[in-house]
Amino acid sequence: MQNAEVARVFEELADLLEIQGANAFRVRAYRNAARTIEDLSETVSALVAEGKSELTELPGIGKDLAEKIITIVETGELPQLAKLRKEVPPGVVEMLRIEGLGPKKVAKLFHDEGIDSLQQLREAAERGDLEKVKGFGKKTAQNILEGLERIELVGTRTFLSEAKAAADEVVADLLELNAVNQANVAGSCRRRKETCGDLDVLVTAASADEPMDRLAKHRLVEKVLERGETKQRVRLRDGLELDLRVVSDESYGAAMQYFTGSKEHNIVMRRRAQKRGYKLNEYGLFKDDELVAGKTEEDVYAKLDLPWIPPELREDRGEFQLAEDDKLPTLLELDDIRGDLHMHTTATDGTASIREMAEAAKERGLKYIAITDHSKRVSMANGLDAERLRAHWKEIDKVRKDISGIDVLCGIECDILEDATLDLPDDVLAEADWVIAVLHYGLKQPREQIMKRLMTAVKNPHVSIIGHPSGRIVGKRPGADIDYEELFKAAADHEVLMEINAHPSRLDLDDIQTRAAKEHGIPIVISTDAHSTTGLDVMQYGVYQARRAGLEKKDVANTQTFKSFRKLLRSQ
DNA sequence: GCCGTTTTCGGCCCGACTGTTTTCAGTCG
């Protein structure tokens, strides 16, 4: 049982209770518990094995939640959750995904209007019924329709982080079979897209039965949807569907190439094959009926006069031209990252101290970090005013002097306010080593005002970087309306850097925007925005995003040694 | 539901915005 699965149970419980109008603090207790468990560095199963007292040691876990954790770990389910699921249909919980719809409104729609699915919600909105409901109006109905559209755009796609975790587990399990020679994930997950619609797993085996039987019994699998000679489709417990394909070793490379996609990339590949008198499919590259290549991807690409192209670049976005010109980038690797320049501590909404964050970063092989807590505008996170910030920096200085093997910078994540001023005065910002300027509020302002705000930040001599520039949340909230051309041009002129926020739900800049930033010669910084020590582990997803943008080590500022990185600091 | 005690229950992060209403509930971060 994974920590994330236990956390998910509590998250769902919290959603259900909230819709039922449960005490808000009780709901928060479940959410806090979910976060605590998610952030654990050890597995919750191990803690259960050690006994209940270990569990109640955890912050936010008392007697009651400890019991529930034990039940979940030991039986794989929770009776309370099963009961609540019967009372509140899944479609009602789904409505919470719509921006602007919270538990109160959703409960009202369910109880008073009998709406219990997204479909019914859409129909009610389109009929004009919604705006007649007390507490709703024309605007709300319109926002709901827009929210529904966004959800449909993203569909039921799953964050890469979650999809990949499931795929990796299935692949590792299949590789344990003697009958299986090779196994790997393909599809959008292998291309490291920020979300995955489903999973494709490929294995080579003497017979298809053994891997299929094994998968059918896997703990993550809820149901086998179909099973044929070479393909089995299953639904995982979290709703994600997974295709298993069994091929021969002779076809493995061709099948990996075919099922990794993208569709657009493959169209170009097949056209190239045709031109050279071949036929390309998932079983191989054929001349008439003779197999010419198929064992490895490298073979297939080579026969089409191409070097092997990294999966992250396979979108038909210029990779073929680069390959032809022998100019494919040597993509950034996680090991290239030396610093992490966006993280929080208990001074605002983080869960670990300055020292704990520094130690954890050091354990992960980092050589330098910046502590960047929130500024005062983010009051719910207990954001810092000038006085508290200066005291905080003194604490950071103490740790910096006290700890060896890692450099710690005094930073701040400073809000760019709705009126296009910064949340802290210049004389304070001037004292910082590292200033991340960000939009948190008023993301829906018109482009003109958004750009005015970003320009204020870019032109401020103390601002080092724009953090999560658009403020989007993947699949949930669109980012601010930004003229990226104008932003990047100004950033390049004023030597302001751009962040890829590595959190799986942000990944902001996205791959396309990152590409554009690189073309403007703007150094990119990939940061975790960690709110806990385990939050530092999301760096990988930022690196994937950078790879999709074609970034090399030299394009990313926090791959530099601290000595050379220091030159980018405004206070130097 | 947790926590910290004032050991039996009250407090739990809170300010701003939106859309509704006509003074505020709901949502967000």
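A salt bridge is defined here as a Lys NZ or Arg NE, NH1 or NH2 lying under 4.0 Å from an Asp or Glu carboxylate O, and Glu87(A) with Lys83(A) meets this definition. Under 4.0 Å is where a charged nitrogen must lie from a carboxylate oxygen, and between Arg355(A) and Asp402(A) at least one such pair does. Electrostatic pairing of Lys376(A) and Asp385(A) does not count as a salt bridge here, judged by no charged N lying under 4.0 Å from a carboxylate O.
Distance Met380(A) CE to dC12(B) P: 16 Å, rounded to the nearest Å. To the nearest angstrom, C1' of dC2(B) lies 12 Å from CZ of Phe25(A). Going from atom NZ of Lys138(A) over to atom C1' of dT18(B) covers 18 Å, rounded to whole Å. Between the CD1 atom of Ile473(A) and the P atom of dC28(B) there is a distance of 12 Å, given to the nearest Å. Between the P atom of dA16(B) and the CG atom of Leu443(A) lies a distance of 17 Å, rounded to the nearest Å. Separating the CG atom of Asp64(A) from the P atom of dG1(B) is a distance of 5 Å, rounded to the nearest angstrom. Between the C1' atom of dC28(B) and the CZ atom of Arg28(A) lies a distance of 13 Å, rounded to the nearest Å.
Sequence order on DNA chain B of the closest nucleotides to His440(A) and Gly60(A) puts Gly60(A) first from the 5' end.
Across all strands, Leu417(A) comes closer than 4.0 Å to no nucleic acid atom at all (heavy-atom distances). Asn32(A) comes within contact range of no nucleotide atom at all, as no heavy-atom separation falls under 4.0 Å. Lys63(A) comes within contact range of the sugar-phosphate backbone alone, with a heavy-atom separation under 4.0 Å but no base atom that close. If you check every strand for non-hydrogen atoms under 4.0 Å, Lys108(A) touches nothing.
Which of dC14(B), dG1(B), dG19(B) sits closest to the side chain of Ser379(A) comes down to dC14(B). When distances run from any side-chain atom of Glu418(A) to the nucleotides dC13(B), dG1(B), dA16(B), the shortest one goes to dA16(B). Proximity note for Arg377(A) (side chain, C-beta onward) versus dG1(B), dA16(B), dG19(B): the nearest is dA16(B).
Between Lys68(A) and dG1(B) there is a side-chain polar atom (N or O) within less than 4.0 angstrom of OP1 or OP2. Between dT18(B) and Thr140(A), no contact under 4.0 Å exists linking OP1 or OP2 to a side-chain N or O. For Tyr30(A), a side-chain nitrogen or oxygen approaches OP1 or OP2 of dG1(B) to under 4.0 Å.
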Listed pairs, N/O of protein and of nucleotides 21-27 of chain B, under 3.5 Å:
unit_1, atom_1, unit_2, atom_2, d
dT27(B), OP1, Gly102(A), N, 2.6
dT27(B), OP1, Gly102(A), O, 3.0
dT27(B), OP1, Lys105(A), N, 3.0
dT27(B), OP2, Lys104(A), N, 3.1
dT27(B), O5', Gly102(A), N, 3.4

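Ring orientation note: the planes of Tyr30(A) and Phe10(A) are tilted relative to one another, at an angle of 30° to 60°.
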Test ring-ring contact (aromatic ring centres under 6.0 Å, His included) applied to His440(A) and His374(A), step by step: CA-CA 10 Å; His440(A) 275 131; His374(A) 287 288; 5.3 Å; yes
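Looking at Ile19(A) and Leu96(A), their side chains come closer than 4.5 Å, going by heavy atoms from C-beta outward.
Side-chain N/O atoms of Asp426(A) and Asn460(A) include a donor and acceptor closer than 3.5 Å.
Between the C1' atoms of dT20(B) and dT27(B), the separation comes to 13 Å (whole Å).
The partner of dT18(B) is dA25(B), by the rule that a Watson-Crick or G-U pair needs both atom distances under 3.5 Å.
A cation-pi arrangement is not found for Arg338(A) relative to Phe565(A), the charged atom failing to lie both closer than 6.0 Å to the ring centre and inside a 45° cone about the ring normal.
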